[in-house]
Structure formats: structure tokens, C-alpha cells
Amino acid sequence: VSQSRYWRMTLGAIDSDAGTARALTLVAGTGDITFTDAVGGGTRLGAIAITSARNTTFTSSVSAASLVYTSSTGTALINGVISATGDITIVGGTGTTTTASITSTGGNIGITATTGTLSLGGTVVTSVGGVGTGTVTLDAQAAAGSINILAAGDITSGKMGFSRSRNTKCRTCGRRLYKCQSIVTGK
């Protein structure tokens, strides 16, 4: 589905046919996209691509082979769990991108805040066969972009590296992120 002018796309539950994972591509231009129900909740979709939209809202879960979401403006609100068997790529625009839990069982996860703010409100997990072998990348591309990781407890990971984070501070302890005692990392 493609719209070149300001349109609102409101979609309910979307599922693939049994046995055939169908792709979904949406281009809203400067319009808004709202999913009012689960996407792939009954039968997982194939590749989902949302390549432009002003504001995008997922009110429920998303289940697909892969997900690529790119917003040039506005906000993205993902209230449900995103689950994929392949790569998940989320590129937020000038507004705030807020996510619930994100899980990939066979690919990498990349989340980028271009000039807006990225807020992770749940777990971000990538694993193949139950083993955490994928890569999770969080990136604030511009000086104005920020990433907020909110946790009631510790943040735990395997290897963890920080780039562009010399001035990024932990909201819990106020220290620079690479010196934060609230983050527990593996070797």
C-alpha cells in the first residue's frame, strides 16, 4: 500500500495465509499509520517494510519473518511485543520512538534514533536456537538524538561496547555510561 500525500492508514488484524508467509509493505509519505490489532497474531507475516510515515502506532503485537521500519518524521509507538525470525531494523525519525519488548530468534536487531529520542520499554533479545548469538545495535546518529533505556533492575548482556557514548549519562547513577555501575556485562 502506498500513499504519496497526507493520508491516514488504519489497519485492523493482519495475518498471512496458512502455510504462506505474506509480505507487507506500507509507504505513507507524510501520512499516519495505525494498526488497531495484532499484526501476524494468527499466522506470522513474511517481511514487513514500512519505509515512510509521519506517525506510526502499533497497538498490539507484531509477528513476522523480518521487520524494517523507517520514519522520517513524527513518532512511533509500539505497544506490543515485536517478534521476528529474522532481522529487525527500526530507524526513528525526528520524534520519539517508543518500543515494548523486541525479540528475534534468527537475526540481528538494529535500533537507531536519527535526531529524535528512542525509548526502550521492554526486553531486547536476539538468539538463535536459544543461544544469544545475534547482535543488538542501539545508535543515536546525531548529537540531538538520544537513547533511553529504562529498567527497574540491572541491565545484563554478554559483550557490550559503547561508541559515541563518552557524554551519555546513566539516569540511575548519573555517571557516564561506560563507567556506570548499574550495567552488568559479561566478558
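Just so we're clear, the structure is a prediction, and the values are computed from it rather than from any experiment. Just so you know, these numbers use all the heavy atoms, side chains as well, and skip hydrogens, waters and symmetry mates.
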Inset, instruction - Look up atom CG in Leu24 and atom CG in Leu11, then write down how far apart they are to the nearest 0.5 Å. - result: 7.5 Å

Legend entry - Close side-chain approach of Thr10 to Thr36, heavy-atom, < 4.5 Å: yes

Legend entry - For Thr103, all residues meeting side-chain hydrogen bond (donor to acceptor under 3.5 Å, both in side chains), sequence neighbours excluded: none

Legend entry - Pairs touching residues 42-69 that satisfy ring pair (Phe, Tyr, Trp, His ring centres under 6.0 Å), sequence neighbours left out: Phe35-Phe58

Inset, instruction - Kindly give the heavy-atom pair with the smallest separation between Ser52 and Gly29, and that separation in Å. - result: OG-N, 3.1 Å

Inset, instruction - Under the side chain to side chain contact (heavy atoms under 4.5 Å, CB included) rule, collect the residues that match up with Ile82, sequence neighbours excluded. - result: Val62, Leu67, Ile78, Ile88, Ile90, Ile102

Inset, instruction - Could you give me the CA-CA distance, side-chain angles and deciding distance for Asn55 and Thr57, then say whether side-chain contact (heavy atoms from CB on, under 4.5 Å) is met? - result: CA-CA 7 Å; Asn55 298 314; Thr57 302; 5.6 Å; no

Legend entry - Set of residues satisfying salt bridge (charged side-chain N to carboxylate O under 4.0 Å, His left out) with respect to Arg44, sequence neighbours excluded: none

Inset, instruction - Considering non-hydrogen atoms only, spot the tightest contact between Gly80 and Ala100 and give its length. - result: O-CB, 3.5 Å

Inset, instruction - Kindly write out the residues that satisfy side chain to side chain contact (heavy atoms under 4.5 Å, CB included) with Thr98, not counting sequence neighbours, or none if the list is empty. - result: Leu77, Thr96, Ser119

Legend entry - Approximate separation, where rounding is to 0.5 Å, of Thr99 OG1 and Ile111 CD1: 5.5 Å

Legend entry - Interatomic distance, Arg8 atom CZ to Thr34 atom OG1 [nearest 0.5 angstrom]: 8.0 Å

Legend entry - Set of side chain to side chain contact (heavy atoms under 4.5 Å, CB included) partners for Ala47, sequence neighbours left out: Ser66

Inset, instruction - Specify the closest pair of heavy atoms between Leu26 and Met9, including all atoms of both residues, with the distance to one decimal. - result: CD2-SD, 4.1 Å

Inset, instruction - Spell out, as yes or no, whether a donor-acceptor pair under 3.5 Å connects the side chain of Thr70 to the backbone of Thr51. - result: no

Inset, instruction - Answer yes or no: is there a donor N or O on one side and an acceptor on the other, between the side chain of Asp15 and the main chain of Gly42, under 3.5 Å? - result: yes

Inset, instruction - Begin from the C-alpha positions of Leu45 and Ile14 and carry the test side-chain contact (heavy atoms from CB on, under 4.5 Å) through to its verdict. - result: CA-CA 8 Å; Leu45 269 65; Ile14 299 174; 4.0 Å; yes

Legend entry - Under 3.5 Å donor-acceptor, Ser16 side chain and Ala21 backbone: no

Inset, instruction - Locate the shortest heavy-atom distance separating Ala64 from Ile48; write the atom from each residue and the value. - result: CB-CD1, 3.5 Å

Inset, instruction - Output every pair passing side-chain hydrogen bond (donor to acceptor under 3.5 Å, both in side chains) with a member in residues 79-92, not counting sequence neighbours, ordered by first then second residue. - result: none

Inset, instruction - Check whether any side-chain N or O of Ser104 sits under 3.5 Å from a backbone N or O of Gly86 as a donor-acceptor pair, and report yes or no. - result: yes

Legend entry - Short side-chain to backbone donor-acceptor contact, Asp32 and Arg54, under 3.5 Å: no

Inset, instruction - Applying side-chain hydrogen bond (donor to acceptor under 3.5 Å, both in side chains), name anything that partners Ser101, two or more places apart in sequence or on another chain. - result: Thr123

